[in-house]
Amino acid sequence: MNIDAQALINKLTSNYAQAVAIKDQQLAMAQVQIDQLNAKLAKKEAPENGENA
């Protein structure tokens with residue numbers, strides 16, 4: 001069985017790049033959730049109308 005080393009390297013590089021892109025997308029989605037939770041928390045902790053901080 002003859003394996004083209006360059007083709008193998010290209011395939012592995014492509015697979016790695018795809019895995020990195022997926023992780024990057026997952027991190028971006030997690031950051032959106034963090035931002036939403038932070039906004040919710042800030043709203044919850046904000047003083048009510050007329051109250052002092």
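We number each residue from 1, following the sequence as shown.
- Between the CD1 atom in I34 and the CG atom in L27 there is a gap of 9.0 Å [rounded to 0.5 Å].
- Every residue two or more places apart in sequence or in another chain that forms a side-chain hydrogen bond (donor to acceptor under 3.5 Å, both in side chains) with Q6 is listed here: N10.
- Rounding to the nearest 0.5 Å gives a distance of 14.0 Å between NZ of K40 and CG of D35.
- Heavy-atom neighbours of Q31 CD from other residues, nucleotides or ligands within 6.0 Å: above the threshold of 12.
- The side-chain hydrogen bond (donor to acceptor under 3.5 Å, both in side chains) search around D24 returns none, not counting sequence neighbours.
- Enclosure of atom CD in Q25 is not indicated, since only 12 or fewer non-hydrogen atoms of other residues, nucleotides or ligands lie within 6.0 angstrom.
- For K44, there are no side-chain hydrogen bond (donor to acceptor under 3.5 Å, both in side chains) partners two or more places apart in sequence or in a different chain.
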